[in-house]
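Notes follow the structure.
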Amino acid sequence: MENNRKVTLTYNDGKDNLEMPVLKGTLGPDVVDIRAFSKTGMFTFDPGFLATASCESQITFIDGDLGQLYYRGYPIEQLAAKSDYLEVCYLLLNGELPTAEERKVFERGIMRHNMLHDQLMSLFKGFRRDAHPMAVMVGVVGALSAFYHDSLDINNPEHRKISAHRLIAKLPNIAAQAYRYNKGLPFSYPKNGLTYAENFLHMMFSTPCEEYKVNKTLALALDRIFTLHADHEQNASTSTVRLAGSSGANPFACIAAGIACLWGPSHGGANEAVLKMLDEIGSVENVPAFMEGVKNKTHKLMGFGHRVYKNMDPRAAIMKETCDEVLNELGLHNDPKFKLAMALEKIALEDPYFIERKLYPNVDFYSGIVLSAIGIPVSMFTPIFALARTVGWISHWAEMIADPAMKIGRPRQLYTGAQRRDYIPQEQR
Ligand code: ACO
């Protein structure tokens, strides 16, 4: 939305001023519309997009200073307490909470798509057994495009919907089979009497030898992890999905690109880093020496701090409660690893170094502990983040494709390489 504020750009070489409109969102800071700037023959320079909005979006809002996160206007605290992951998926995709009937139809649609094509199983078998499950996820999700030629017309809203449902439905299955292949376990199948999170636990941990009973507390904790990771506006992987999609690439290829981006340690790998750090510290007696190292900047306290949240990450507060519930349920409060985690949390929350820098535990600090307590190996933490974030990615992709003003993404650059020069034959170099 445009309002009547304008920003005027003045030059110190006598060129005409340039007036640029200021746009107002429904929440958040105003945004200067610099599109007219390209007519000047110059570009703006903003590596890392620290001052640039790449798109208009109606899906998720974050205020890092106030510690607010809203999906489609609903605060994450309310969704985590009262909703569940599949309802949140519907909300993110469609913009509104479903009625009972809409929920039923949506859930049935997701369940109908949760099996994997039998031929896809051969693809898993092409990987080394010790491949990282994220490598398998990137490959298998990208390969889905080879299986669904019937619904790859991105300009057809019905095709977009089916692809979104297929992705939400199949990602837990793909993640679980990546784990099982690595462990040498036979592939498993979904069971439709179970909830989305229960089904994931079932596909991960069931064996053909005995009945697997899903623990409800653990399934609820997992559902909450999915809900908290479902979307986070224009982060690196979501922007990757949008950029890939802006060329008209099919949704499976775009989500594979998002998974590849999420794999990086600065993005999806943080909860894995928390567990590695706990292993390195070893026991509570080593905490003071570790903290000295943090203050000397020898290493960071993983799971603390956030680029956007300079107040408590609202997801962390919710995850902390879930963490307590899970440790209680499993009787793990006295387990040395989890005692160590709680000791670190307490010291960091009281230490002036962290207080002055507004460094709070982030969602990954607690989600790493919860996943580890549930028995999920560290290498599966990022695949779980990927399966939860798929709905966010596909919602952004669908929002972009449905926008008639969509353009292929094509950032410009400030070139600082060699000037024009002539080729030198090899014998003269
Ligand atoms: N441990 C110790 N000190 C820290 C930490 C930390 N985890 N995070 C930041 N600081 C310090 C910095 O050294 C700096 O200190 P200084 O002012 O004395 O120089 C100050 O706090 C400000 O830090 P920045 O690096 O400017 O903060 P930035 O916003 O750039 O970084 C980041 C955010 C990357 C998340 C950082 O806090 C970090 O590396 N945390 C650990 C990794 C982690 O948990 N990442 C997960 C993020 S959540 C997510 O992705 C879902």
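Only a predicted model underlies this, so the values are computations on that prediction, with no experimental measurement involved. All ligand and atom numbering here is 1-based and tracks the order in the structure.
The existence of a salt bridge linking Lys216 and Glu198 is confirmed by a sub-4.0 Å separation between a basic side-chain nitrogen and an acidic carboxylate oxygen. In this structure, Asp335 does not pair ionically with Lys337, as no charged nitrogen and carboxylate oxygen lie closer than 4.0 Å. Residues Arg224 and Asp84 are not paired through a salt bridge, judged by the lack of any N-O separation under 4.0 Å between the basic side chain and the carboxylate. Taking 4.0 Å as the cut-off between side-chain N and carboxylate O, Asp65 and Lys358 do not count as a salt-bridged pair. One finds a salt bridge joining Arg103 and Glu107 here, because a Lys/Arg side-chain nitrogen approaches an Asp/Glu carboxylate oxygen to under 4.0 Å.
Aromatic pair Tyr360/Tyr309: ring centres not closer than 6.0 Å. Proximity of the aromatic rings of Tyr90 and Phe106 is defined here by a centroid distance below 6.0 angstrom, and this criterion is met. Between Phe290 and His299, the ring center distance clears the sub-6.0 Å criterion.
The parts of Arg307 lying near ligand 1 are both backbone and side chain, judged by heavy-atom distances below 4.0 Å. Residue-level proximity to ligand 1 for Val274 is absent, since no heavy atom of it falls below 4.0 angstrom.
With hydrogens left out, the protein atom closest to atom 39 (O) of ligand 1 is Lys300 NZ, 3.0 Å, a heavy atom. Of the protein's non-hydrogen atoms, the one nearest atom 20 (C) of ligand 1 is Arg357 CD, 3.8 Å. Annotation: atom 47 (C) of ligand 1 to nearest protein heavy atom, Asn362 ND2, 3.7 Å. For atom 40 (N) of ligand 1, the closest non-hydrogen atom on the protein side is Phe304 O, 2.9 Å. When hydrogens are left out, the protein atom nearest atom 48 (S) of ligand 1 is His306 CD2, 3.2 Å; that is the closest non-hydrogen contact. Ranking the protein heavy atoms by distance from atom 49 (C) of ligand 1 puts Asp364 OD2, 3.2 Å first.
Listed by atom number, the atoms of ligand 1 under 4.0 Å from Gly303 heavy atoms are 43 (C), 44 (O). Near His267, meaning under 4.0 Å from one of its heavy atoms, ligand 1 places the atoms 50 (O). For ligand 1, the atoms lying closer than 4.0 Å to a non-hydrogen atom of Tyr353 are 2 (C), 3 (N), 11 (C), 13 (O). Residue contact check: Leu301 has heavy atoms under 4.0 Å from atoms 1 (N), 2 (C), 6 (C), 7 (N) of ligand 1.
Remark: ligand 1 and Leu359 share no N or O pair separated by less than 3.5 Å (distance only, no angle test). Between His299 and ligand 1, not a single N/O pair is under 3.5 Å apart. At under 3.5 Å, not a single nitrogen or oxygen of Val294, backbone or side chain, sits near a nitrogen or oxygen of ligand 1. At least one N/O-N/O distance between Lys297 and ligand 1 falls below 3.5 Å.
Contact check for Leu220 versus Glu325: no side-chain heavy atoms found under the 4.5 Å cut-off.
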| message | Please evaluate residues Arg242 and His396 with respect to the criterion side chain to side chain donor-acceptor pair (under 3.5 Å), reporting the C-alpha separation (whole Å), side-chain torsions for both, the decisive distance (0.1 Å), and the verdict. | response | CA-CA 7 Å; Arg242 278 186 179 262; His396 282 272; 3.0 Å; yes
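Closest heavy-atom approach to atom 45 (N) of ligand 1 within the set Ala270, Pro361, Gly268, Ala236: this belongs to Ala270. If you check each of Met277, Lys310, Met291, Met302 against atom 42 (C) of ligand 1, the one with the closest non-hydrogen atom is Met302.
Remark: atom 24 (P) of ligand 1 lies closer than 4.0 Å to no protein heavy atom. Distance check for atom 33 (C) of ligand 1: a protein heavy atom is found below 4.0 Å.
Note that the CD1 atom of Ile62 and the CD atom of Glu233 stand 4.0 Å from one another [nearest 0.5 Å].
Below 30°, between 30° and 60°, or above 60°: for Phe61 and Tyr70 the angle between ring planes is between 30° and 60°, a tilted geometry.
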